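These notes are about the structure you will find just below.
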Amino acid sequence: MLDKQLRYVKEDVLTPVARTVGEHFTPTQLTLIGGVIGIGAAVAGWQGMYVLGLGLWLVNRVFDGLDGAVARLFNKQSDIGAYIDIMVDATVYALVPIGLALAVNEQSVYIALTFMLGAFYVNMASWTYLSSLLEKRNRGASTSGEMTSVTMPDGLIEGTETIVFYTLFFLLPSFLTWLFVIMGIMIVITILQRMVWALDHLD
C-alpha cells in the first residue's frame, strides 16, 4: 500500500551507503548476507531473544534495500540477482514467524500462523504470476520505469506493511495469535484486490 510512495525516500537514504558498500560487495553478496542475518532473526525469535531478533530483522531489511540500491548505482542489475532476492525474501518471511511461533508454543498461535502463511502462499502465487503476465504484455517494471525488477498491482499488504507487522511480532510476542490473524486477513484482502484488478485489466 505504501511501497511506491516510500520507494524514492528509501533510495535517497540508501544511496550514500550504497556508494561505499558497492565498492566491496556485489548486489547478490549483499542479498545472501542479508538472508543469513534474516535466518539469524528467526533463530533468535525461536530462542525467545526478541530484542536481538528484532535488531537482526531490521538489519535484514536494510540489506534487502541495499542490494537493489547497489545494483542500480553500479549498473549491476541482473535477472539472476532479482531471482535470488525474491527467494531469500520468501525464505526469511516464512522462517521469522515460524521461529516466533515455536518460542510461544501455543496451539492458537500455530493455527493463526497456518492461516497467515497459507494466505502468504496464495498471495505470492497471485502477484508473481500477475507480474509474469504483465512482462509478457510489455507492461512490466522496465516498461513502466519502476525501480524494482518486477511490477505488481497495489495491495493492502506490501513490503512496508510486512516490515511493520514483523516488527510488531518481535515487540509483542504475547499477541502473536491476533497479529497473525490480522495480517492474514489483510493478505486475503490483498489477494482479492489483485483478483479484481486482474478481472479488470486482463482478458
Side-chain angles (χ1 to χ4, degrees), residues 1-4 6 31-32 34-65 83-133 148 150 152-199:
M1 184 171 65
L2 298 175
D3 281 11
K4 288 183 180 177
L6 295 178
T31 299
L32 295 175
V36 172
I37 293 170
I39 293 171
V43 172
W46 170 40
Q47 296 301 311
M49 303 166 67
Y50 299 121
V51 174
L52 175 60
L54 175 59
L56 292 172
W57 160 249
L58 294 176
V59 172
N60 164 265
R61 291 298 85 200
V62 171
F63 271 82
D64 185 56
Y83 175 76
I84 292 172
D85 183 60
I86 290 291
M87 295 298 292
V88 168
D89 277 351
T91 300
V92 173
Y93 284 157
L95 291 180
V96 165
I98 289 172
L100 288 163
L102 288 172
V104 176
N105 194 27
E106 293 179 1
Q107 184 178 16
S108 62
V109 174
Y110 290 137
I111 293 171
L113 173 68
T114 301
F115 167 62
M116 186 188 77
L117 289 184
F120 236 126
Y121 173 82
V122 176
N123 185 52
M124 178 75 77
S126 168
W127 76 256
T128 51
Y129 195 68
L130 266 181
S131 175
S132 68
L133 289 175
T148 56
V150 294
M152 69 182 79
D154 294 339
L156 185 60
I157 287 283
E158 297 176 346
T160 302
E161 293 76 24
T162 301
I163 292 172
V164 171
F165 266 101
Y166 275 50
T167 299
L168 290 175
F169 295 165
F170 283 105
L171 291 175
L172 303 169
S174 58
F175 292 92
L176 275 182
T177 298
W178 286 107
L179 289 169
F180 286 168
V181 169
I182 292 169
M183 186 173 185
I185 291 171
M186 293 177 72
I187 294 171
V188 170
I189 293 171
T190 300
I191 294 167
L192 294 175
Q193 286 178 300
R194 289 178 176 148
M195 286 180 66
V196 170
W197 187 94
L199 290 171

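These figures come from a predicted structure and were not determined experimentally. Counting begins at 1 with the first residue of the sequence.
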**Complete:** Heavy-atom closest pair (T177 atom, S108 atom, distance to 0.1 Å) is OG1-OG, 3.2 Å

**Item:** Nearest heavy-atom neighbours spanning V181 and A112
**Value:** CG2-CB, 3.7 Å

**Prompt:** Taking C-beta and beyond as the side chain, do L156 and E161 meet within less than 4.5 Å on heavy atoms?
**Reply:** no

**Rounded distance (nearest 0.5 Å) linking atom OG1 of T31 with atom OH of Y83** = 13.5 Å

**Prompt:** Where do V104 and Y50 come nearest, in terms of heavy atoms and distance?
**Reply:** CG2-OH, 4.4 Å

**Item:** Heavy atoms from other residues, nucleotides or ligands near CE of M49 exceed 12 (cutoff 6.0 Å)
**Value:** no

**Message:** Within this structure, what is the CZ-CD1 distance for the pair F165 and I182, rounded to the nearest 0.5 Å?
**Reply:** 6.0 Å

**Asked** Once you round to the nearest 0.5 Å, how far does CG of L102 lie from CG of L113?
**Response** 8.5 Å

**Asked** How close do A41 and G53 get, heavy atom to heavy atom, and via which atoms?
**Response** CB-O, 3.5 Å

**Item:** Rounded distance (nearest 0.5 Å) linking atom CZ of F180 with atom CG of L100
**Value:** 6.0 Å

**Asked** Could you give the distance from CG (L176) to CG (L168), rounded to the nearest 0.5 Å?
**Response** 10.0 Å

**Heavy-atom pair with the smallest gap, counting every atom of A103 and G45** = CB-O, 3.1 Å

**Close side-chain approach of F169 and M183, heavy atoms under 4.5 Å** = yes

**From L32 atom CG to I37 atom CD1, the distance as rounded to the nearest 0.5 Å** = 11.0 Å

**Request:** Could you note down all residue pairs passing salt bridge (Lys or Arg N to Asp or Glu O under 4.0 Å) where residues 83-100 supplies at least one of them, sequence neighbours left out?
**Result:** R61-D89

**Prompt:** Can you find a pair of side-chain heavy atoms, one from I163 and one from W57, that are under 4.5 Å apart?
**Reply:** yes

**Asked** If you take all heavy atoms of L54 and F170, which pair is closest and at what distance?
**Response** N-CD2, 3.7 Å

Could you give the side-chain donor-acceptor pairs of residues 114-121 under 3.5 Å, partners two or more places apart or in another chain?
residue : atom : partner : partner atom : Å
T114    : OG1  : Y110    : O            : 2.8

**Asked** Taking M186 as the fixed residue, which of T162, I157, I191 is the one that meets the side-chain contact (heavy atoms from CB on, under 4.5 Å) rule?
**Response** I157

